[in-house]
Every structure is written in C-alpha cells, then in structure tokens.
2 protein chains.
Amino acid sequence: MDQVEIFKALSNKSRLQILNWLKEPETNFPDQAVHGYANGVCVGQIQMKAGLTQSTVSEYLSTLQRAGLVKSNRVGQWTYYQRNEEGFALLNQIIQSEI
Amino acid sequence: MDQVEIFKALSNKSRLQILNWLKEPETNFPDQAVHGYANGVCVGQIQMKAGLTQSTVSEYLSTLQRAGLVKSNRVGQWTYYQRNEEGFALLNQIIQSEI
DNA sequence: AAGATATATCGACTTTTCCCGATATGCCAA
DNA sequence: TTGGCATATCGGGAAAAGTCGATATATCTT
C-alpha cells in the first residue's frame, strides 16, 4: 500500500512546515531571491529556516519526494525543491475515495 | 501541532482498512446485523476482519478516536465504533489550507 | 453471587522514526 | 587540480510505534 508512505511523510511537524513554507516561497525564503524561484528553493534555505541539521533536512526532503509531495531540480551544485501539486491531488483523491 | 496526530493515525495499513470498512458497515460487517448498525460496529467484528489480536484492534481504535476520525458508543458490554465525518472534514481543511 | 463475554489496559519485545555528526559525492572557481 | 561549497549518504543512539499475551474492568446472564 502506497498511501501509508504518504501519510508517514506527513506525520512530522517539520516536514509539514516545509510543505507549508513552499506554498509561498517568495514570502518564506526571501534569501532565495538571488537564485530565483522558478525551480524551487534550495536545501540550504530550507535548512536555515527549519533549524535542523543539513543531513536531516536533506533526508526529510527525500522522504517528501518519495511520497510524491515535492519534486526537485538539480542545477549546478544546488538542488531546488518545490511542491508537487500532482501529489496533493492524489492525496485528495485517496482521502475522498480510498479511506 | 495536532495535524501530526491525525497523519500518524493514518500511517498504518490496518487502520486505513478499518476506516475504509466503516464506510459501508452493512457490506463489510454482515455479522453485525444482529446488533444493528445505528451505533456503529463493535470491536469484535472489526478484530475478526482485521486478523489482529483483540488488544491491538482496541488500541488502534483508540488511536483513531484520539485523532478524531472515529467515534464510539458504549452500549452494554459492547463498544460500537463508527466514522466521525467531522474529523474527515477537518482533515480536508488541514490539507487545503494548512499544508 | 458466579461465570461468561466484550473491551480496555499493562508489560514486554521488536521494528521504525527522529535527528545528529561524520564522511562521501558532485560541481564550480582559481 | 586543488580547494571550497552544496547536497547526499552512512552509522548510530534515543524515542516512539507495532504488536503480542496476560490481566483487569465492566456488564450481562443465570
């Protein structure tokens, strides 16, 4: 069952916060402006805001990506993350019809 | 944060199944017919269908209730559980506006 | 009052999650 | 090509969740 993975990814306060922050990157990650927001927000920005170690944030973003809730773009040495709205559409569908 | 509790409750295959079964009690718990379905389905029925021990199922139902996803009615020596649609409405709201 | 039945709680053990520091990898600049 | 960033992965210790069997509690029947 794949639904469980999604809900596990959502079962953590920091990960929920990250998803929420990524709804409004310009507001929540002003320092990202240098890089632009087209590809998402890079890990370092998220790490600073989350107040967790780099490894933890990287791990959390992988978890969210495996669950389909974010997607990433590697550009040079940076990895940009942004919400994957398709994943949220799937989540809605799961809740409406499979639970 | 309370959202985390809800998602943790949903992070388990058996608990997801129980919630789904409770959508159509008449179909999924035919042996409950003797007691009627007005108050929900009693723990024993859910246990049999889930194939877990009595203590585990009782614990799972408590977890779901703490998360607001089911509600219970004690009648005599039986505890009947049913879905709490208010909880699902809250879940939808959380997903729409807080994540 | 005694036994039977349904559910809840307790104690224990195993597995998973949380989060870290250390190290590896990939990319860029000089 | 050497060093410096940004990110990913690895290894680990502490805390939480998964699940069980045993026991407690509440209720019903006789």
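In what follows, chains are A, B, ... by sequence order, proteins preceding strands, each numbered from 1. Hydrogens, waters and symmetry mates play no part in the numbers below; they use all other heavy atoms, side chains included.
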(message) Short of 4.0 Å, heavy atom to strand atom, which residues of residues 42-56 of chain A count as contacting DNA chain D?
(response) C42(A), V43(A), G44(A), Q54(A), S55(A)
(message) Contact list please: residues 62-72 of chain B against DNA chain D, heavy atoms, distance less than 4.0 Å, in numerical order.
(response) none
Taking only N/O atoms, report every protein-nucleotides 3-5 of chain C pair under 3.5 Å with atom names and distance.
unit_1: dT5(C); atom_1: O2; unit_2: Q77(B); atom_2: NE2; d: 2.7

(request) Would you tell me if any nitrogen or oxygen in the side chain of T79(B) comes within less than 4.0 Å of OP1 or OP2 on dA8(C)? (result) yes
(request) Give the other cluster members for W78(A), using side-chain heavy-atom distances under 4.5 Å between Ile, Leu, Val, Met, Phe, Trp and Tyr residues; answer none if it is isolated. (result) V75(A), Y80(A)
(request) Any pair with a residue in residues 66-76 of chain A that passes side-chain hydrogen bond (donor to acceptor under 3.5 Å, both in side chains), sequence neighbours left out, goes on the list, sorted by first then second residue, please. (result) T63(A)-R66(A), Q65(A)-S72(A)
(message) Whole angstroms only, please: what is the NE2-P distance between H35(A) and dC28(C)?
(response) 13 Å
(request) Answer yes or no: does a side-chain N or O of R74(B) lie under 4.0 Å from OP1 or OP2 of dT27(D)? (result) no
(request) Scan S14(B) against the nucleic acid and name what it touches under 4.0 Å (heavy atoms): base, sugar-phosphate only, or nothing. (result) nothing
(request) Please state how far atom CG in N39(A) lies from atom C1' in dA6(D), giving the value in whole angstrom units. (result) 15 Å
(message) Between R83(B) (side chain only) and L19(B) (backbone N and O only), is there a donor and an acceptor less than 3.5 Å apart?
(response) yes
(request) Remember a base hit wins even if backbone is also touched, and classify Y81(A) as base, sugar-phosphate or nothing at under 4.0 Å, heavy atoms. (result) sugar-phosphate
(message) Quick test of your reading: applying side-chain hydrogen bond (donor to acceptor under 3.5 Å, both in side chains), list the pairs with at least one residue in residues 41-52 of chain A, sequence neighbours left out, ordered by first then second residue.
(response) none
